[in-house]
Engineer: 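My questions all concern the structure below.
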Amino acid sequence: MADIQIETSWKEKLSEEFEKPYFKELSSFVREEYGKGPVYPLPTHMFRAFELTPFDSVKVVILGQDPYHGPRQAVGLSFAVSKETTLPPSLKNIFKELESDLGTPLTNKSGDLERWARQGVLLLNATLTVRARTPGSHQGKGWEQFTDAVIKKLSDEQEHLVFILWGNYARQKGAHIDRTKHCVIESAHPSPYSAASGFFGSKPFSKANEYLKEHGEDPIEWT
């Protein structure tokens, strides 16, 4: 992973993490995994969330868990898939809630979500890589420690961010957020197994925009 370039502001903010023993072990593990067989996303997309959303541009953080583990799906952004890929069930439900929440049809139904990332939505997975067809295969190798550090750095050094936490895993991941100076929006996960138990009707998109406007920030153009 030494040849992977991460956006300059994030490289500076996370420089100490890159030097820690756990990250060096993680780098070795991921490099070996890419050498053994298919791993997603592509190496050039591993840090894509950071490339598209520099540190000082972050307004909203949406936490996911693992990248998708099927071919031509993972693009380095949580919940997103490549433009030519059929929308997975969770993303279909996210779009369904978005249309209901904002009361307007979705004008761009691409699953890539780069349009959100470029507006300041950090689409962060807890684990940034996964072995093909093997969900959870890169959990417990160090990625979680790295992304915890990302969340803590944002929480400590920024103000008035919106953290959107869907499901119990994301809620636990949100332990590092200072809720006295950031907005935390929690609900059930958009998965078909749980969306009807509190995700639908949670209105995360309008709530996020209301908070941003209250604190002098431009809202996100979600549609």
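Note that this is a predicted model, so its numbers are computed, not measured.
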Engineer: State, yes or no, whether a side-chain contact exists between I164 and V61 at a heavy-atom distance under 4.5 Å.
Structural biologist: no
Engineer: Write out all pairs satisfying salt bridge (charged side-chain N to carboxylate O under 4.0 Å, His left out) with one or both partners inside residues 161-189, taking only residues at least two apart or from two chains.
Structural biologist: D148-K173, R171-E186, R179-E186
Engineer: Does any part of the side chain of Y34, heavy atoms only, come nearer than 4.5 Å to the side chain of T129, both counted from C-beta?
Structural biologist: yes
Engineer: Any pair with a residue in residues 105-121 that passes side chain to side chain donor-acceptor pair (under 3.5 Å), sequence neighbours left out, goes on the list, sorted by first then second residue, please.
Structural biologist: R48-D112, R48-E114, E114-R118
Engineer: Look at the side-chain heavy atoms of Ile, Leu, Val, Met, Phe, Trp and Tyr, link any pair under 4.5 Å apart, and say whether L122 and L14 land in one connected group.
Structural biologist: yes
Engineer: Looking at CG of L91 and CG of L98, how far apart are the two atoms once the value is rounded to the nearest 0.5 Å?
Structural biologist: 10.0 Å
Engineer: So how far is it from T104 OG1 to E99 CD, rounded to the nearest 0.5 Å?
Structural biologist: 8.0 Å
Engineer: Is the number of heavy atoms from other residues, nucleotides or ligands within 6.0 Å of CD (E16) greater than 12?
Structural biologist: no
Engineer: Are any side-chain N or O atoms of T147 and backbone N or O atoms of W143, one a donor and one an acceptor, separated by less than 3.5 Å?
Structural biologist: yes
Engineer: Kindly list each side-chain donor-acceptor pair under 3.5 angstrom involving residues 187-197, sequence neighbours excluded, with atom names and distances?
Structural biologist:
residue, atom, partner, partner atom, Å
H189, ND1, S191, N, 2.9
S191, OG, Y193, N, 3.1
S194, OG, H189, O, 2.8

Engineer: Let me confirm one number: the OG-CD1 distance from S202 to I185, rounded to the nearest 0.5 Å.
Structural biologist: 8.5 Å
Engineer: Would a line drawn from the ring center of Y40 to the ring center of Y68 be shorter than 6.0 Å?
Structural biologist: no
Engineer: Under the salt bridge (charged side-chain N to carboxylate O under 4.0 Å, His left out) definition, can you give me all pairs with a residue in residues 127-144, not counting sequence neighbours?
Structural biologist: E33-R131
Engineer: Measuring from atom SG of C183 to atom CG of L212, what distance do you get when rounded to the nearest 0.5 angstrom?
Structural biologist: 8.5 Å
Engineer: May I have the list of side-chain donor-acceptor pairs in residues 70-83 shorter than 3.5 Å, sequence neighbours left out?
Structural biologist:
residue, atom, partner, partner atom, Å
Q73, OE1, G70, N, 3.0
S78, OG, I62, O, 3.1
S78, OG, L124, N, 3.3
S82, OG, R72, O, 2.5
S82, OG, T85, OG1, 2.5

Engineer: For H176, enumerate each residue passing the ring pair (Phe, Tyr, Trp, His ring centres under 6.0 Å) test, keeping only those at least two apart in sequence or located in another chain.
Structural biologist: none
Engineer: What residues form a salt bridge (Lys or Arg N to Asp or Glu O under 4.0 Å) with K92, not counting sequence neighbours?
Structural biologist: none
Engineer: Using the ring pair (Phe, Tyr, Trp, His ring centres under 6.0 Å) criterion, which residues pair with Y211? Sequence neighbours excluded.
Structural biologist: H215
Engineer: Heavy atoms, side chains only, cut-off 4.5 Å: are L128 and F146 in contact?
Structural biologist: yes
Engineer: Rounded to the nearest 0.5 Å, how far does CG of L87 lie from CG of N93?
Structural biologist: 10.5 Å
Engineer: Would you kindly check if the NZ (Lys) or CZ (Arg) of K11 is within the cone defined by 45 degrees around the ring axis of F18 and under 6.0 Å from the six-membered ring centre?
Structural biologist: no
Engineer: Using side-chain contact (heavy atoms from CB on, under 4.5 Å), reason through K203 and E97 one step at a time and then give a plain yes or no.
Structural biologist: CA-CA 7 Å; K203 300 185 180 296; E97 172 61 18; 4.2 Å; yes
Engineer: Checking E25 now: which residues fulfil side-chain contact (heavy atoms from CB on, under 4.5 Å) with it, not counting sequence neighbours?
Structural biologist: none
Engineer: Strictly by salt bridge (charged side-chain N to carboxylate O under 4.0 Å, His left out), give each pair with a member in residues 149-158 just once, sequence neighbours left out.
Structural biologist: K13-E157, K152-D156, K153-E157
Engineer: Distance check, rounded to the nearest 0.5 Å: T127 atom OG1 versus D66 atom CG?
Structural biologist: 4.5 Å
Engineer: Linking I/L/V/M/F/W/Y whenever any side-chain heavy atoms sit under 4.5 Å apart, do L154 and F47 land together?
Structural biologist: yes
Engineer: Is any side-chain heavy atom of L123 closer than 4.5 Å to a side-chain heavy atom of V121?
Structural biologist: yes
Engineer: A side-chain contact here means heavy atoms from C-beta on lying under 4.5 Å apart; do H138 and V39 qualify?
Structural biologist: yes
Engineer: Ignoring hydrogens and angles, tell me if any N or O in the side chain of S27 forms a donor-acceptor pair with the backbone of F23 under 3.5 Å.
Structural biologist: yes
Engineer: Between Q139 and S137, do the side chains contain a donor N or O and an acceptor N or O under 3.5 Å apart?
Structural biologist: no
Engineer: Determine whether L42 and V130 fall in the same hydrophobic cluster, where Ile, Leu, Val, Met, Phe, Trp and Tyr are linked whenever their side-chain heavy atoms lie under 4.5 Å apart.
Structural biologist: no
Engineer: Run D101 and W222 through side-chain contact (heavy atoms from CB on, under 4.5 Å) and show every step you take.
Structural biologist: CA-CA 11 Å; D101 180 4; W222 297 106; over 6 Å; no
Engineer: Is there a path of hydrophobic side-chain contacts, each under 4.5 Å between heavy atoms, that joins I220 and L113?
Structural biologist: yes
Engineer: Once ring pair (Phe, Tyr, Trp, His ring centres under 6.0 Å) is applied, do any residues pair with F163, and if so which ones, sequence neighbours excluded?
Structural biologist: H182
Engineer: Answer yes if F50 and L26 sit in the same cluster of Ile, Leu, Val, Met, Phe, Trp and Tyr residues linked by side chain heavy atoms under 4.5 Å apart, and no otherwise.
Structural biologist: yes
Engineer: Determine yes or no for a side-chain-to-main-chain donor-acceptor pair under 3.5 angstrom, with T134 supplying the side chain and A132 the backbone.
Structural biologist: yes
Engineer: Is there a side-chain contact between L63 and I151, using heavy atoms and a 4.5 Å cut-off?
Structural biologist: yes
Engineer: Can you list every salt bridge (charged side-chain N to carboxylate O under 4.0 Å, His left out) pair that touches residues 207-217, not counting sequence neighbours?
Structural biologist: none
Engineer: Could you go through L52 and E7, starting from their C-alpha distance and side-chain angles, then the distance that decides it, and tell me whether this counts as side-chain contact (heavy atoms from CB on, under 4.5 Å)?
Structural biologist: CA-CA 8 Å; L52 294 176; E7 191 275 332; over 6 Å; no
Engineer: Side chains of K59 and H160: does their closest heavy-atom pair fall under 4.5 Å?
Structural biologist: no
Engineer: Decide side-chain contact (heavy atoms from CB on, under 4.5 Å) for F95 and T223; before the verdict, give the C-alpha distance in whole Å, the side-chain angles of both, and the deciding distance to 0.1 Å.
Structural biologist: CA-CA 9 Å; F95 284 174; T223 58; over 6 Å; no
Engineer: Under a 3.5 Å threshold, yes or no: a donor from one side chain and an acceptor from the other, between Q65 and N125?
Structural biologist: no
Engineer: May I ask you to test the F55-V150 pair for a side-chain heavy-atom distance under 4.5 Å?
Structural biologist: no
